[in-house]
Protein chains: 2
Amino acid sequence: MATIKDVAKLADVSPSTVSRVIAGSNRISLETKLRVKRAMEELNYVPNAIARSLARSRSRTIGFTIAREADQAFSNPFFSEVMRGMSTIAQARDYNILLSISRTPEEERQKCMQLFRERRVDGLIVSTSRKQDPLIDLLIAENVPFALIGRSCEHPVLSVNNDNIQAAKKATLHLLEQGYEKVVFISGDPNLIVSQDRISGYKQALSEKGISFAAERAVTAEFSIESGFNALQELKSRGVDFDAVLAADDLFALGALQFAGHNRLRVPEELGIVGFNDSPLLSFTNPPLTSVKILSYELGMEAVKLLLNALSDPEHCSLPAEHVIPSQLIIRQSSLKKNREMDCT
Amino acid sequence: MATIKDVAKLADVSPSTVSRVIAGSNRISLETKLRVKRAMEELNYVPNAIARSLARSRSRTIGFTIAREADQAFSNPFFSEVMRGMSTIAQARDYNILLSISRTPEEERQKCMQLFRERRVDGLIVSTSRKQDPLIDLLIAENVPFALIGRSCEHPVLSVNNDNIQAAKKATLHLLEQGYEKVVFISGDPNLIVSQDRISGYKQALSEKGISFAAERAVTAEFSIESGFNALQELKSRGVDFDAVLAADDLFALGALQFAGHNRLRVPEELGIVGFNDSPLLSFTNPPLTSVKILSYELGMEAVKLLLNALSDPEHCSLPAEHVIPSQLIIRQSSLKKNREMDCT
DNA sequence: CTGTTAGCGCGTTCAA
DNA sequence: TTGAACGCGCTAACAG
């Protein structure tokens with residue numbers, strides 16, 4: 001591998017001149033610039049990124065960390081899409097992405113701090129969804145540049161969030177406007193910010209329509225089809241009456257579909273169903289499921305933009321702002337009591 | 001940020017002594033070792049990974065590159081799982097993963113070479129699936145350590161592959177043994193190695209059962225449900241008779257399911273269906289779909305193991321070997337003409 | 001416009 | 001067992 005010295009020697013200049021050519025400095029004569037460039041070509045020279053990082057004390061790398069269990073949601077397309085979005089912006093700005101998947105939140109915390117303190121990354125994109133995650137306090141305390149993705153935050157930090165409140169509200173209103181009158185809500189882990197946001201949107205929609213919220217109509221399920229099914233069965237056995245379900249995840253929506261089949265309820269006539277995430281293949285259920293589509297790709301792009309801007313303008317700039325990416329309600333048959341159009345956004 | 005010098009000063013030793021403590025050298029007195037450690041604690045010292053990389057000419061980072069279009073398969077869980085597997089091993093061996101998602105194969109080629117020549121990564125895990133991809137020749141020519149994932153290779157290189165041939169064969173045999181007699185095959189892009197392997201397994205199964213292969217019974221589809229549906233419609237309109245479908249992807253299997261619905265064929269009685277990939281939510285179709293499950297997590301783990309072994313033992317070791325990870329046939333109703341057990345692996 | 005001189009923070013000889 | 005000196009490859013401040 002040729003180094004900057006080799007190039008310098010061949011071009012008969014000093015290393016710093018070569019460095020200037022690399023940096024595109026204009027305080028250099030066209031002639032020597034060309035000579036240097038020819039030498040670089042000839043030697044097939046590529047600057048050593050590690051050495052540059054050391055000299056400039058910046059790695060031009062950002063870390064992306066997630067903590068996921070084996071079985072859990074990591075396999076859902078959300079993260080894939082987020083990564084694609086991140087990658088798009090990172091490439092364009094000549095940054096790299098370091099990926100770290102942890103098994104537990106504690107491990108993630110460790111990894112985050114390690115990556116930054118080792119100077120391996122200039123900043124982090126973090127996707128924790130727990131409320132008041134200690135990781136966030138730690139990052140703030142240690143002055144680590146970072147952006148949150150897929151959540152809002154109590155503290156004033158950079159974050160990109162999807163509009164869970166609005167989305168849940170819109171979905172609920174959609175059901176009500178379709179003529180359903182008793183909408184129940186299946187929530188995920190109530191400790192997650194997303195869950196709280198979604199239920200809050202559900203409540204807002206109810207109150208907007210003059211319907212009072214009943215705590216018994218909102219139930220919690222674990223992350224599985226079965227758990228969604230069971231949640232509804234239990235509601236039923238408790239005598240709670242309902243004709244529509246807003247599910248905080250597509251899995252629950254599928255559980256609701258099973259519930260309908262099990263109880264011989266026609267969908268959408270007797271039971272309306274709306275899910276969250278617009279999972280692939282979802283349009284293939286019978287009937288096709290209405291679902292809220294999160295724009296994960298855009299989330300990823302925006303998070304990196306925010307972070308890189310903050311990095312390039314360390315002091316002044318970027319007053320910690322939460323960017324909200326609107327999501328789309330993909331309407332399919334499962335929520336169309338009035339049975340109208342099929343697929344509008 | 002404290003540096004090694006600060007620690008040295010505080011412990012009243014030379015930087016090289018501190019370096020030895022970090023490296024865990026045993027040629028050091030217990031006393032000074034403790035003194036140094038205390039100083040590190042006190043200063044909250046963490047070695048600068050960039051500086052180490054420069055000094056040792058190794059980044060302890062491996063690159064993972066993929067070239068995916070927006071719409072395409074990247075959102076399928078394969079890559080998520082592969083990454084989880086890679087991450088597991090990388091963490092354990094104290095390596096990091098650099099992620100690069102390109103839009104085109106050319107871009108991917110660029111990125112691969114750049115990452116390595118910049119010394120940002122010590123080696124690469126590459127997931128190209130195109131036959132005779134020029135990227136591979138390039139990597140070999142430039143002596144880049146790398147491992148292929150999800151494919152075999154003409155050249156003697158490190159690779160981890162799932163047993164597409166065996167899997168397709170097993171799936172076909174399963175259909176035949178269920179009493180289906182005319183199995184057709186829906187293939188993906190015939191330029192991909194996976195496609196060729198799967199069709200080859202299909203043929204092997206036929207010949208093993210004394211059935212001659214008819215070219216007209218194997219069709220190619222594009223990556224969508226609709227295309228799978230169309231492929232079968234066309235077969236039918238051409239007068240090709242069949243009672244079972246082996247689909248090289250779950251999407252095609254879903255297309256087959258639509259085809260059955262459209263033509264009022266009962267599944268599995270009148271049409272047997274087996275897919276590939278065991279996509280999540282798949283068990284929820286009606287009837288639940290039989291599918292080949294690829295052990296992507298294991299693929300990721302194995303690829304990193306192979307690469308890291310090769311890196312740690314540059315010359316000698318690792319005779320380029322192809323590791324094959326067996327996949328599992330997840331049997332559900334869609335292929336059970338004899339209607340027996342439901343879910344065996 | 002260009003060269004010289006110092007680092008960036010750590011690993012690794014070579015002596016002692 | 002320890003320290004001094006040098007090098008990894010590049011950037012940047014200071015001269016000229």
Side-chain angles (χ1 to χ4, degrees), chain A residues 1-40 43-61 94 96 114-122 312, chain B residues 1-37 39-40 43-61 94 96 114-122:
Chain A
M1 289 279 102
T3 76
I4 201 171
K5 284 185 192 166
D6 302 323
V7 177
K9 225 167 275 174
L10 182 59
D12 197 35
V13 294
S14 78
S16 34
T17 300
V18 178
S19 178
R20 290 192 187 98
V21 173
I22 296 173
S25 161
N26 49 358
R27 302 185 320 169
I28 232 174
S29 79
L30 187 62
E31 189 218 359
T32 54
K33 184 182 291 188
L34 286 177
R35 194 146 37 88
V36 170
K37 288 206 167 175
R38 227 178 301 124
M40 300 202 300
L43 294 176
N44 233 309
Y45 169 73
V46 177
N48 181 319
I50 303 290
R52 302 185 88 177
S53 294
L54 183 60
R56 309 167 66 166
S57 320
R58 298 193 287 103
S59 62
R60 282 198 97 76
T61 303
D94 198 25
N96 291 94
Q114 188 193 345
L115 287 177
F116 182 72
R117 309 199 53 201
E118 280 184 334
R119 293 292 168 207
R120 230 181 249 286
V121 303
D122 297 337
S312 66
Chain B
M1 288 278 102
T3 77
I4 203 173
K5 283 185 195 166
D6 302 322
V7 176
K9 226 166 277 176
L10 183 59
D12 197 35
V13 295
S14 78
S16 31
T17 300
V18 178
S19 178
R20 290 194 185 96
V21 173
I22 296 172
S25 162
N26 48 356
R27 304 183 316 166
I28 229 173
S29 79
L30 186 62
E31 189 218 0
T32 55
K33 184 183 288 189
L34 286 178
R35 195 145 37 89
V36 169
K37 289 206 168 176
M40 299 202 301
L43 294 175
N44 233 308
Y45 171 73
V46 177
N48 180 319
I50 303 290
R52 304 185 85 179
S53 296
L54 183 59
R56 309 168 67 168
S57 318
R58 297 192 290 102
S59 62
R60 282 197 98 75
T61 302
D94 199 24
N96 291 93
Q114 189 193 343
L115 287 178
F116 182 72
R117 309 198 52 201
E118 280 183 334
R119 294 291 168 208
R120 232 181 248 285
V121 302
D122 297 336

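Below, chains carry the letters A, B, ... as their sequence lines are ordered, and counting in each starts from 1.
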- Message: From CD1 of A/Ile22 over to P of D/dA12, roughly how many Å is that when rounded to an integer?
- Response: 11 Å
- Query: A/Lys5 has an atom NZ; how far is it from atom P of D/dC6, in whole Å?
  - Reply: 13 Å
- Query: When you look at B/Asn48 and B/Met1, which way does the side chain to side chain contact (heavy atoms under 4.5 Å, CB included) test go after all the steps?
  - Reply: CA-CA 9 Å; B/Asn48 180 319; B/Met1 288 278 102; over 6 Å; no
- Item | Whole-Å distance separating the CZ atom of A/Arg20 from the C1' atom of D/dC10 | 13 Å
- Note on the structure: Correct closest heavy-atom pair for B/Arg35 and B/Asp12 would be NH1-O, 3.9 Å
- Message: Expected output is a numbered-order residue list: members of residues 12-19 of chain B with a heavy atom under 4.0 Å from any atom of DNA chain D. What is it?
- Response: B/Val13, B/Ser14, B/Ser16, B/Thr17
- Query: Between which nucleotides of DNA chain C, read 5' to 3', does contact with chain A run, using atoms under 4.0 Å from its heavy atoms?
  - Reply: C/dC1 to C/dG9
- Query: Does the pair B/Leu10 and B/Tyr45 meet the rule for a side chain to side chain contact (heavy atoms under 4.5 Å, CB included), with working shown?
  - Reply: CA-CA 12 Å; B/Leu10 183 59; B/Tyr45 171 73; over 6 Å; no
- Query: Counting only N and O atoms by type, is there a donor-acceptor contact under 3.5 Å from the side chain of B/Ser19 to the main-chain atoms of B/Pro15?
  - Reply: no
- Examine B/Arg120 relative to B/Phe116 and say whether NZ or CZ is less than 6.0 Å from the centre of the six-membered ring and inside a 45° cone about the ring axis. no
- Query: Does the B/Arg20 side chain pair with the main chain of B/Arg27, one donor and one acceptor, at a distance under 3.5 Å?
  - Reply: no
- Do B/Arg60 side-chain atoms and B/Asp94 backbone N/O form a donor-acceptor pair below 3.5 Å? yes
- Determine, step by step, whether A/Val36 and A/Val7 satisfy the side chain to side chain contact (heavy atoms under 4.5 Å, CB included) criterion, reporting the C-alpha distance in whole Å, the side-chain angles of both residues, the deciding distance to 0.1 Å, and the verdict. CA-CA 7 Å; A/Val36 170; A/Val7 177; 4.3 Å; yes
- Item | Main-chain N/O of B/Asn96 paired with B/Thr61 side-chain donor or acceptor, under 3.5 Å | no
- Give me the residues of residues 43-58 of chain A where at least one heavy atom lies under 4.0 Å from an atom of DNA chain D, by number, or none. A/Tyr45, A/Pro47, A/Asn48, A/Ala51, A/Arg52, A/Ala55, A/Arg56
- Task: Search all heavy atoms of B/Ser14 against all heavy atoms of B/Ala8 and return the closest pair with its distance.
- Result: C-CB, 3.7 Å
